[in-house]
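Structure first, commentary second.
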Amino acid sequence: MKKEVQQMRESTSATTRMSDCALKEAGATIDLQRSSSSSARLCTEFGLLCAPPLLDTFVQPDSSPGYCWPFQGSRSEVLIRLPVQIRPTAVTIQHTSRIASPWGTVSSAPRDFTVSGLDEEGEDETLLGIFTYTVQKEPTQTFPLQNGIPRAFRFLKLGIRSNWGKPGYTCIYRVQVHGKIVGRNAVGQTPE
């Protein structure tokens with residue numbers, strides 16, 4: 001686990017200049033038991049640009065067109081298990097741009113969403129913010145979370161409330177979680 005914590009500290013996003021605590025390489029995973037199901041229709045929607053819907057797509061740094069986590073419909077939730085407890089300060093959401101999209105549209109991008117922190121058991125949920133991803137802006141957008149929440153979380157829940165008009169699915173290309181590592185890691189060491 002020490003290696004994963006070090007990777008997290010060193011994994012600074014080129015676009016945000018902040019460390020990404022939700023990288024697969026560092027040990028982040030998607031909790032499939034408590035997340036909405038992903039859509040298997042991805043391949044039929046993107047044809048030759050198809051990438052199979054991998055279970056950890058958006059905790060990896062690839063945002064090629066068609067390489068996204070597709071949620072069925074316009075409302076869904078995903079629970080990200082962080083490698084260690086994090087006191088989150090911001091999240092970054094990424095979708096493809098209109099220019100990179102084969103159809104010149106980004107209607108599958110998330111629109112309104114919430115971010116919540118959950119305790120280890122997933123019982124105690126704390127709302128950290130309500131946001132709008134704006135397709136008229138850059139494809140990578142960072143959203144500061146509520147200040148003054150003195151807690152750290154092992155799970156973050158991303159709740160998609162609407163998208164930009166795609167009736168069948170909503171796609172997320174990447175989610176980054178920024179914050180401060182707190183507590184002890186698996187080998188009992190306190191991060192610096």
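Just so it is clear, the structure is predicted and the values come from calculations on it, not from any experiment. One is the number of the first residue; the rest follow in order along the sequence.
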Provide the closest heavy-atom pair for T142 versus P144 in the form atom of the first, atom of the second, distance.
O-CD, 3.8 Å
Any L158 side-chain heavy atom under 4.5 Å of V115 side chain:
yes
Residues Y133 and H95: closest non-hydrogen pair is OH-CB, 3.4 Å
L156 side chain near L128 side chain, heavy-atom distance below 4.5 Å:
yes
Working note: I93 + V175, criterion side chain to side chain contact (heavy atoms under 4.5 Å, CB included); need CA distance, chi angles, decisive distance, verdict.
CA-CA 5 Å; I93 305 291; V175 174; 4.0 Å; yes
If you round to the nearest 0.5 Å, how far is CH2 of W164 from CZ of R111?
3.5 Å
Please give me the minimum heavy-atom distance between T134 and Q141, naming the atom from each residue.
O-NE2, 2.6 Å
Go through R151 and D119 one step at a time and tell me if the side chain to side chain contact (heavy atoms under 4.5 Å, CB included) criterion holds.
CA-CA 9 Å; R151 294 192 52 200; D119 64 4; 3.9 Å; yes
Please report the interatomic distance NE2(H178) to OG(S19), rounded to the nearest 0.5 Å.
8.0 Å
With a 3.5 Å distance limit and no angle check, can you tell me whether T170 reaches the backbone of G73 through a side-chain donor-acceptor pair?
yes
Show your reasoning for whether side chain to side chain contact (heavy atoms under 4.5 Å, CB included) applies to L145 and T89.
CA-CA 5 Å; L145 301 175; T89 56; 6.0 Å; no
Side chains of R174 and D20: does their closest heavy-atom pair fall under 4.5 Å?
yes
Report the distance from atom CG of D124 to atom CZ of F153, rounding to the nearest 0.5 Å.
7.5 Å
Could you give the distance from CD1 (I80) to CZ (F155), rounded to the nearest 0.5 Å?
11.0 Å
Distance from C21 atom SG to K180 atom NZ, nearest 0.5 Å?
11.0 Å
Atom CG of L79 and atom CZ of R154: how far apart are they, to the nearest 0.5 Å?
12.0 Å
Just so I know, are the side chains of R161 and E77 near enough to count as touching, which here means a heavy-atom distance under 4.5 Å?
yes
Name the orientation class of the two ring planes belonging to F113 and F131 (parallel below 30°, tilted from 30 to 60°, perpendicular beyond 60°).
tilted
Evaluate side chain to side chain contact (heavy atoms under 4.5 Å, CB included) for I130 paired with D112, printing each intermediate quantity in order.
CA-CA 7 Å; I130 301 171; D112 298 314; over 6 Å; no
